[in-house]
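Everything on this sheet refers to the single structure shown next.
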Amino acid sequence: MSALIKSSLARKVVMALSGLFLVFFLGQHFVINITSVIAPDTFNSWSHFMGYNPLVQYLLQPILIAGVIIHFVMGFALELQNRAARGVRYVSYKGSANSSWVSRNMLISGAVILAFLALHFYDFWFPEMAYKYIEVNPEDPTRYLVETAHKFEPMWRTLLYIIAFVLLALHLLHGFASSFQTMGVNNKFSSGIKTFTKIYAIVIPLGFIFIALYHHFNPITH
Amino acid sequence: MKLTLKIWRQKDASSKGKMVDYSLNGVEGDMSFLEMLDVLNEELINKGEEPVEFDHDCREGICGTCSLQINGEPHGPDRLVTTCQLHMRKFKDGDTIVIEPFRAKAFPVIKDLIVDRSSFDRIQQAGGYISVNTSGNTVDANAIPINKHAADEAMDAATCIGCGACVAACKNASAMLFTSAKVSQFALLPQGQVEATERVQNMVRQMDLEGFGNCTNTGACEIECPKGISLENIARLNREYYSSSLKG
């Protein structure tokens, strides 16, 4: 067991499992967000539940933040190690001949997603923490849709979100299927897994783009 | 055909290398890539210059000795061939060809285009063997029933010639495809079960010690492997490693 903790394969498992956890969270986040378009009252009530349920706030939220930190820190650490493993760089390196751009540039898509998360936290998480725990405002189960829609009024923010979702799609196109390979799954189910992960990688970010655009073009004026 | 060759020249392991340009005439399409380098070296020797050092042995695509990163790809632009089996008909008159050694911290350059791939030997020595009694009462391997599918997969893994193209192609200089082939060829067979747990643990540990990078599943190794070793072997290595770790 101690050998597992020290090995390169253990680091890959950490990347794969934290990535799968974040992919699962993304799906759950999307399900809640899409209700802001198709069922506003449901969006408000679900958002209120997520914001005030002690299990979500004090157990799941810290686990999620830990998952994000682990995935990013391990990703950057592995990238540094991988660069050192090459030593002298090639004068000519034709990566496009044997691998996809997204698979070779997970660091770029990951860095954009990290920058997006900073903006996303600035937009939603920090104000929410301030509202509840610093200003100690009373609970208001009706405020979430208005707050969310309001954020997408400026075109610049909507565009930044769209760019981040495109990079998220690229990151998932490689990362989601890749995590199964890392966990040792390469068998008769693999083609089905690859198809499912590719559909997920495109549909979920496209859905987030749709939600951002919907709120941008349908501002709540009252 | 006339070619411009940009070749990495490095006097020895401790010297700093550099790319040097050569112009070469009279290259025939039927020449192998190594024969083309032979022609260049004859010219260099006749001019009193130091020939370009490169690895080669069987020149039949089976020994795994030849290497070379050619125009950014290990063993050049052709698929499922080693450099010795790459023919000059794959290039056009007037082409510029960039020729470099396989690059990895675990494959240090010895001279010019020759790299030290003994790190692969050490991974193999760490567990790439089985216990077979050879002292007079050897059991015929064919006497042991083996599932046809498993035998085919083991044979496919065993076709790895250890050339290092997987490491050279990988953006992380990872040796996972090589190590996984060497683990798989035994993991799939009953003869390999005796040392199964220690084998995968020891070979992965040695792979890490040698300073290879981590696999990020780009699949470049599988595409560039002259023997078509599949990524399924890496998934198998992962499974073997996790299960052996849990066994303690």
Side-chain angles (χ1 to χ4, degrees), chain A residues 1-17 19 74-75 77-107 110 174-188 190 193-194, chain B residues 6 8 17 19 69-74 77 97-101 103-109 167-176 201 204-205 207-208 211-224 230-246 248:
Chain A
M1 199 59 165
S2 62
L4 175 71
I5 293 163
K6 288 182 216 156
S7 84
S8 60
L9 268 66
R11 293 191 285 270
K12 280 159 55 72
V13 171
V14 170
M15 282 304 284
L17 289 181
M74 189 63 84
L78 287 174
E79 182 71 22
L80 287 176
Q81 200 174 33
N82 291 340
R83 284 178 185 232
R86 169 105 302 143
V88 179
R89 320 296 299 173
Y90 284 115
V91 172
S92 170
Y93 180 69
K94 202 173 172 188
S96 59
N98 50 42
S99 53
S100 66
W101 184 90
V102 284
S103 71
R104 295 193 311 276
N105 293 284
M106 293 294 275
L107 184 76
H174 176 68
F176 196 0
S178 175
S179 57
F180 285 93
Q181 163 80 6
T182 297
M183 295 312 297
V185 181
N186 192 329
N187 51 31
K188 61 184 176 181
S190 292
I193 289 170
K194 274 184 188 157
Chain B
K6 291 179 178 294
W8 182 263
M19 299 301 286
Q69 185 86 351
I70 302 163
N71 281 348
E73 288 185 80
I97 305 176
V98 180
I99 309 168
E100 297 172 80
R103 294 286 190 202
K105 200 173 88 181
F107 287 171
V109 173
V167 173
C170 177
K171 78 174 189 69
N172 310 322
S174 166
M176 282 287 279
Q201 290 288 329
V204 168
R205 187 182 303 116
M207 178 183 78
D208 288 347
F212 291 105
N214 305 283
C215 172
T216 51
N217 304 317
T218 66
C221 53
E222 181 184 54
I223 301 291
E224 298 292 356
S230 163
L231 289 180
E232 286 175 29
N233 291 296
I234 295 183
R236 183 177 299 105
L237 170 71
N238 293 340
R239 290 196 300 275
E240 289 279 320
Y241 189 80
Y242 306 146
S243 62
S244 68
S245 298
L246 295 172

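We name chains A, B, ... by the order of the sequence lines, and we start the count at 1 in each one. Nothing here was measured: the structure is a model prediction, and the numbers come from that model.
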Report the option among A:V91, A:L78, A:V102 that has the most heavy-atom pairs separated by less than 4.5 Å from atoms of chain B.
-> A:V91
Kindly give the heavy-atom pair with the smallest separation between A:Q181 and B:I234, and that separation in Å.
-> NE2-CB, 3.7 Å
So how far is it from B:I223 CD1 to A:N98 CG, rounded to the nearest 0.5 Å?
-> 7.0 Å
Side chain, backbone, both or neither: which part of A:T182 has a non-hydrogen atom closer than 4.5 Å to chain B?
-> both
Is the shortest heavy-atom distance from the side chain of A:M15 to the side chain of B:T216 under 4.5 Å?
-> no
Between B:V167 and A:R86, what is the shortest heavy-atom contact and its length?
-> O-NH2, 2.8 Å
CA sep, side-chain torsions, deciding dist, call: B:N71, A:K94, side-chain contact (heavy atoms from CB on, under 4.5 Å) = CA-CA 7 Å; B:N71 281 348; A:K94 202 173 172 188; 5.8 Å; no
So, for A:G184 and B:R239, which heavy atoms are closest and what is the spacing to 0.1 Å?
-> O-NH1, 2.5 Å
If you tally heavy-atom pairs under 4.5 Å between each of B:M176, B:M19, B:E73, B:Q69 and chain A, the highest tally belongs to B:Q69
Checking B:C215 against chain A: side chain, backbone, both or neither under 4.5 Å from a heavy atom?
-> both
Pick from B:T218, B:N238, B:N217: which one has the most heavy-atom pairs with chain A under 4.5 Å?
-> B:N217
Using atom types as modelled and distance alone, determine if a side-chain donor or acceptor of A:N186 lies under 3.5 Å from a backbone N or O of B:A235.
-> no
Hey, which of A:M106, A:R83, A:R104 has the most heavy atom pairs under 4.5 Å with chain B?
-> A:R104
Counting only N and O atoms by type, is there a donor-acceptor contact under 3.5 Å from the side chain of B:R103 to the main-chain atoms of A:Y90?
-> no
Give the member of A:G175, A:S92, A:A84, A:G87 that has the highest number of heavy-atom pairs under 4.5 Å with chain B.
-> A:S92
Under 4.5 Å from a heavy atom of chain A, the part of B:L231 involved | both
Verify whether one side chain among B:N214 and A:Q81 offers a donor that lies under 3.5 Å from an acceptor in the other.
-> yes
Is it the case that B:D208 and A:S7 place a side-chain donor and acceptor less than 3.5 Å from each other?
-> no
Closest non-hydrogen atoms of B:V204 and A:L9, given as atom of the first, atom of the second and distance, are CG1-CD1, 3.9 Å
Could you tell me which portion of B:E232 (side chain, backbone, both or neither) has an atom closer than 4.5 angstrom to a non-hydrogen atom of chain A?
-> both
When the 4.5 angstrom heavy-atom criterion is applied to B:R236 and chain A, the contacting part is neither
Between A:R89 and chain B, which part of the residue has a heavy atom less than 4.5 Å away: side chain, backbone, both or neither?
-> backbone
Got a donor-acceptor contact below 3.5 angstrom from the B:Y242 side chain to the A:A10 backbone?
-> no
Which atom names give the shortest non-hydrogen contact between B:E224 and A:A97, and what distance separates them?
-> OE2-CB, 4.4 Å
Chain A shares the most heavy-atom pairs under 4.5 Å, among B:A104, B:G211, B:P77, with B:A104
Honestly, the part of B:P101 sitting under 4.5 Å from a heavy atom of chain A is backbone
